[in-house]
Amino acid sequence: MSREPADASLDDLLAELPIDQIAGRLGVDAEQAQRAVGGALPALFGGLKANADDPAGAASLAGALSQHDPGLVEGGIDVAQVDTADGEKIVDHVFGAKKDQVVAQLSGAAGTDSGILQKLLPILAPLALSYLSKKVGGGQAPAPGGTAERSAAGGGLGDLLGGLLGGGGSSGGLDVGGVLGSLGGLLGGGRR
């Protein structure tokens with residue numbers, strides 16, 4: 001399979017997300033879930049980008065991608081298949097000690113209760129890594145030492161994430177620039 005188009009954006013992933021399932025999982029209506037996802041998704045990918053911009057973070061992210069099957073985001077996403085315990089670990093790694101600050105700042109920027117965001121991020125995190133794994137591996141999970149690691153070594157993950165973030169506008173429900181601007185220097189706190 002070939003790589004995904006270079007002009008892909010987070011709006012593509014947003015369009016695939018089953019907002020009704022997410023709303024049910026969060027115990028909110030679809031409008032609240034859509035608003036929360038619209039803030040959380042750019043923040044999560046922004047945090048991944050900040051990690052990928054650091055060589056050690058890029059290597060760690062490449063390793064994580066090799067463990068996340070793109071099948072989770074192929075053929076229709078089923079939120080019931082998402083491992084939220086894995087999602088918690090991803091969120092902790094991406095945002096590090098600044099996780100609570102990111103959630104509080106994001107809550108204000110997205111106009112969403114922080115408790116909803118605390119539940120949402122672990123749902124979205126495995127989906128984000130699976131989506132990124134799909135983009136890096138051209139639809140196949142990268143093997144250890146494979147495409148993801150080579151891409152990380154050459155800055156490919158950072159470039160890919162930058163492209164995804166740069167391609168997302170406000171038209172599809174994501175205000176990438178506004179969300180990332182509101183988070184300022186908080187992103188990248190998980191880099192080790």
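Scope of the values below: all heavy atoms of this structure, side chains included, with no hydrogens, waters or symmetry mates.
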Side chains of L61 and V94 in contact at under 4.5 Å (non-hydrogen atoms): no
Main-chain N/O of G57 paired to N51 side chain as donor or acceptor, under 3.5 Å: no
Do any side-chain atoms of residues 79-89 form donor-acceptor pairs under 3.5 angstrom with protein atoms, and if so which ones, sequence neighbours left out?
residue: D83; atom: OD1; partner: A85; partner atom: N; Å: 3.1
residue: D83; atom: OD1; partner: D86; partner atom: N; Å: 3.2
residue: D86; atom: OD2; partner: H68; partner atom: NE2; Å: 2.7

Do V102 and L117 come close enough that some side-chain heavy atom pair is under 4.5 Å? no
So, for L120 and A40, which heavy atoms are closest and what is the spacing to 0.1 Å? CD2-CB, 3.7 Å
Out of curiosity, K49 NZ to L160 CG, how far, rounded to the nearest 0.5 Å? 10.0 Å
If you apply the rule side-chain contact (heavy atoms from CB on, under 4.5 Å), what do you find for L65 with L157, and how did you get there? CA-CA 10 Å; L65 290 180; L157 283 174; 3.5 Å; yes
Heavy-atom pair with the smallest gap, counting every atom of D20 and A30: OD1-CB, 3.6 Å
Kindly say whether D69 contributes a backbone atom to a donor-acceptor pair with the side chain of S133 at under 3.5 angstrom? no
Closest heavy-atom contact between P42 and V37? CD-O, 4.0 Å
Side-chain donor/acceptor of Q32 to backbone N/O of D29, under 3.5 Å: yes
Apply side-chain contact (heavy atoms from CB on, under 4.5 Å) to the pair Q34 and L14, showing each step before the final yes or no. CA-CA 9 Å; Q34 182 76 35; L14 179 65; 3.7 Å; yes
Look only at the side chain of S130 and the backbone of P126, and say whether a donor-acceptor pair between them is shorter than 3.5 Å. yes
Flag the pair I77 / L72 as yes when at least one side-chain heavy-atom distance between them is below 4.5 Å, and no otherwise. no
Got a second to check how far D100's CG is from Q105's CD, nearest 0.5 Å? 13.0 Å
Do E74 and K134 have side chains that get closer than 4.5 Å, going by heavy atoms? yes
Separation of L129 CG from S66 OG (nearest 0.5 Å): 10.5 Å
Of all the heavy-atom pairs spanning A110 and G39, show the shortest one and how long it is. CB-CA, 4.1 Å
If you round to the nearest 0.5 Å, how far is CG of L124 from CZ of F45? 9.0 Å
Any heavy-atom pair between the side chains of V28 and I22 that's under 4.5 Å? no
Audit row: L164, Y131, side-chain contact (heavy atoms from CB on, under 4.5 Å) steps and yes/no: CA-CA 11 Å; L164 288 170; Y131 182 75; 4.1 Å; yes
Any non-hydrogen side-chain atom of L121 less than 4.5 Å from a side-chain atom of I90? no
Heavy-atom distance under 4.5 Å between the side chains of I123 and L26, does that happen here? yes
In Å, rounded to the nearest 0.5 Å, how long is the span from NZ of K119 to OG of S114? 11.0 Å
Is there side-chain contact between V73 and L127, with heavy atoms separated by less than 4.5 Å? yes
